[in-house]
*Asks:* 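The structure follows.
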Amino acid sequence: IGFIATFPLTKRFISELIDPTRLPKNVEIIVISPVECILLQVQLAAQVGLLCMVIIFVADGSWRASKNRAFRQRLAELKVQTPRPNSTLVVTLLISIILLTCGVIYAWNWLIPMLLEYLTNDAQAAGLSTEWRLTSYTGFIANLAVASGIGFQAPLVTLLILRMEIVRRKTVRSYRRHIWFSAFLLGAFLSPPDPLSLFLVAMPVIVLFEVALIVDTFTRQEK
């Protein structure tokens, strides 16, 4: 269903990507095979379909697990409560969606244009022509958008870990340097392989992580 619903929209999405107003000067988008564009459309729609499948499988698995007697008994032994659709869970999901949207907007309106301009000027300064393959260009943008969307979940994850008392705030602060390093490691894994992309993906994660610590400090007194 996700594939069928998305496929007609992929051509419009590609047109938005290659719009001259989004491209730096003297940059051309090329296709090197007759079927490259249609295969890209199929790939984009398939990724949305795969995401829908994962969501359904996770939801179905969680529902089946909650009905499993042995699973519930094991959770009781570990003193872990299964999440229920209360107001807290709904608010958490809404915040997660908002943060994801903010991450994509950050990538689309600021991160991606700045990186494209920088990389184009760097290549042209070396005397190189800037012709980008359609699939590579689309993959570059998709990777940055996904990386930003995931990275912007940092404050939510931090607050959940602290509020559930999985880790004490003092412990988190003592491992601040390790968390910063992990943020750069995540940026290196999710972003394109250049130092500027790594920095621009990792820094918002670090800033939002620190904001989450400040919010938890002023809104909750740790025992």
Side-chain angles (χ1 to χ4, degrees), residues 2-3 5-7 9-24 27-33 35-55 58 96-124 126 128 130-157 179-209:
F3 178 90
T6 307
F7 186 79
L9 304 176
T10 54
K11 185 177 293 185
R12 181 177 179 180
F13 175 68
I14 294 173
S15 299
E16 289 286 338
L17 290 182
I18 63 176
D19 187 277
T21 59
R22 287 201 60 84
L23 294 173
V27 170
E28 294 183 4
I29 304 297
I30 62 173
V31 293
I32 61 175
S33 68
V35 295
E36 183 173 353
C37 185
I38 187 66
L39 288 179
L40 178 59
Q41 292 177 252
V42 172
Q43 180 183 355
L44 292 173
Q47 289 174 347
V48 175
L50 181 62
L51 177 62
C52 294
M53 288 175 59
V54 170
I55 293 173
V58 170
S96 178
I97 294 173
I98 292 172
L99 289 172
L100 176 66
T101 304
C102 291
V104 173
I105 292 174
Y106 163 76
W108 181 263
N109 292 323
W110 190 72
L111 176 61
I112 292 173
M114 189 178 68
L115 274 177
L116 291 179
E117 190 71 30
Y118 168 78
L119 296 173
T120 301
N121 293 337
D122 189 55
Q124 292 176 354
L128 301 173
T130 46
E131 294 179 345
W132 297 339
R133 183 178 176 182
L134 178 61
T135 50
S136 300
Y137 170 64
T138 305
F140 177 86
I141 292 177
N143 288 340
L144 281 175
V146 170
S148 298
I150 294 175
F152 270 60
Q153 302 297 315
L156 179 62
V157 174
I179 295 173
W180 283 33
F181 176 77
S182 300
F184 279 100
L185 194 64
L186 177 66
F189 179 74
L190 294 174
S191 65
D194 64 271
L196 184 60
S197 299
L198 166 62
F199 182 81
L200 292 176
V201 170
M203 281 309 298
V205 176
I206 294 172
V207 171
L208 291 171
F209 161 73

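The figures that follow rest on heavy atoms only: side chains count, while hydrogens, waters and symmetry mates do not.
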*Asks:* With Cys102 as reference, evaluate Ile98, Val104, Ile105 under the side-chain contact (heavy atoms from CB on, under 4.5 Å) test and give the passing residue.
*Replies:*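 In the set Ile98, Val104, Ile105, the residue that makes a side-chain contact (heavy atoms from CB on, under 4.5 Å) with Cys102 is Ile98.
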*Asks:* Let's go through Thr120 and Trp132 carefully: what are the C-alpha distance in whole Å and the side-chain angles of both, what is the deciding distance for side-chain contact (heavy atoms from CB on, under 4.5 Å) to 0.1 Å, and is it a yes or a no?
*Replies:* CA-CA 10 Å; Thr120 301; Trp132 297 339; 3.1 Å; yes
*Asks:* Looking only at non-hydrogen atoms, find the nearest pair between Ala123 and Thr130 and report the distance.
*Replies:*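 Scanning both residues, the minimum pair turns out to be CB-CG2, 4.0 Å.
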*Asks:* Nearest 0.5 angstrom please: Ile32 CD1 to Ser136 OG, how far?
*Replies:*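 Between Ile32 CD1 and Ser136 OG, I get 8.0 Å after rounding to 0.5 Å.
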*Asks:* Considering non-hydrogen atoms only, spot the tightest contact between Gln41 and Ile14 and give its length.
*Replies:*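 The pair with the smallest heavy-atom distance is CG-CD1, 3.8 Å.
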*Asks:* With sequence neighbours left out, write down each residue that passes salt bridge (Lys or Arg N to Asp or Glu O under 4.0 Å) with Glu16, or none if nothing qualifies.
*Replies:*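 Glu16 satisfies salt bridge (Lys or Arg N to Asp or Glu O under 4.0 Å) with no residue once adjacent residues are dropped.
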*Asks:* Testing the basics here: between Leu23 and Leu17, what is the closest heavy-atom pair and its distance to 0.1 Å?
*Replies:*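 In this case the closest contact between Leu23 and Leu17 is CD2-O, 4.2 Å.
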*Asks:* Does Ser96 offer a backbone N or O that forms a donor-acceptor pair with the side chain of Gln153 under 3.5 Å?
*Replies:*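 Yes.
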*Asks:* Using 0.5 Å steps for rounding, measure from the CD1 atom of Ile38 to the OG atom of Ser33.
*Replies:*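 Reported to 0.5 Å precision, the distance equals 11.5 Å.
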*Asks:* Measuring from atom OG1 of Thr135 to atom CD of Gln43, what distance do you get when rounded to the nearest 0.5 angstrom?
*Replies:*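 CD of Gln43 is found 8.0 Å from OG1 of Thr135.
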*Asks:* Is it true that atom CH2 of Trp108 has more than 12 heavy atoms of other residues, nucleotides or ligands lying nearer than 6.0 Å?
*Replies:*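 Enclosed: over 12 neighbouring heavy atoms sit under 6.0 Å from CH2 of Trp108.
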*Asks:* For Thr6, give me all partners under side chain to side chain contact (heavy atoms under 4.5 Å, CB included), at least two apart in sequence or on another chain.
*Replies:*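 For Thr6, the residues satisfying side chain to side chain contact (heavy atoms under 4.5 Å, CB included) (neighbours in sequence not counted) are Thr10, Ala45, Val48.
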*Asks:* So how far is it from Glu117 CD to Asp122 CG, rounded to the nearest 0.5 Å?
*Replies:*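 CG of Asp122 is found 12.0 Å from CD of Glu117.
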*Asks:* Distance from Leu40 atom CG to Arg133 atom CZ, nearest 0.5 Å?
*Replies:*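 Between atom CG of Leu40 and atom CZ of Arg133 there are 10.0 Å.
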*Asks:* Who passes salt bridge (Lys or Arg N to Asp or Glu O under 4.0 Å) against Arg22, sequence neighbours left out?
*Replies:*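 Once residues adjacent in sequence are excluded, Arg22 has no partner under the salt bridge (Lys or Arg N to Asp or Glu O under 4.0 Å) criterion.
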*Asks:* Between Val42 and Phe3, does a side-chain contact (heavy atoms from CB on, under 4.5 Å) hold up when you go through it step by step?
*Replies:* CA-CA 8 Å; Val42 172; Phe3 178 90; 4.2 Å; yes
*Asks:* Please determine whether side-chain contact (heavy atoms from CB on, under 4.5 Å) holds for the pair Phe184 and Ile206, giving the CA-CA distance in whole Å, both sets of side-chain angles, and the decisive distance to 0.1 Å.
*Replies:* CA-CA 9 Å; Phe184 279 100; Ile206 294 172; 3.4 Å; yes
*Asks:* So, for Pro113 and Ala107, which heavy atoms are closest and what is the spacing to 0.1 Å?
*Replies:*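 Scanning both residues, the minimum pair turns out to be CD-O, 3.9 Å.
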*Asks:* Under the criterion side-chain contact (heavy atoms from CB on, under 4.5 Å), I'd like the reasoning laid out for Phe140 against Leu119: C-alpha separation, chi angles, the key distance, then a yes or no.
*Replies:* CA-CA 12 Å; Phe140 177 86; Leu119 296 173; 3.9 Å; yes
*Asks:* For Phe209 and Ala154, work out which heavy atoms get closest and say how close.
*Replies:*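 Minimum heavy-atom separation between Phe209 and Ala154: N-CB, 4.5 Å.
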*Asks:* So, the side chain of Asn143 versus the backbone of Gly139: is there a donor-acceptor pair under 3.5 Å, distance only?
*Replies:*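 Between the backbone of Gly139 and the side chain of Asn143 there is a qualifying donor-acceptor contact (under 3.5 Å).
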*Asks:* Mind listing the closest non-hydrogen atom pair of Leu100 and Gly149 along with its distance?
*Replies:*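 Minimum heavy-atom separation between Leu100 and Gly149: CD1-CA, 3.5 Å.
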*Asks:* Between Tyr137 (side chain only) and Ile18 (backbone N and O only), is there a donor and an acceptor less than 3.5 Å apart?
*Replies:*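 Between the backbone of Ile18 and the side chain of Tyr137 there is no qualifying donor-acceptor contact (under 3.5 Å).
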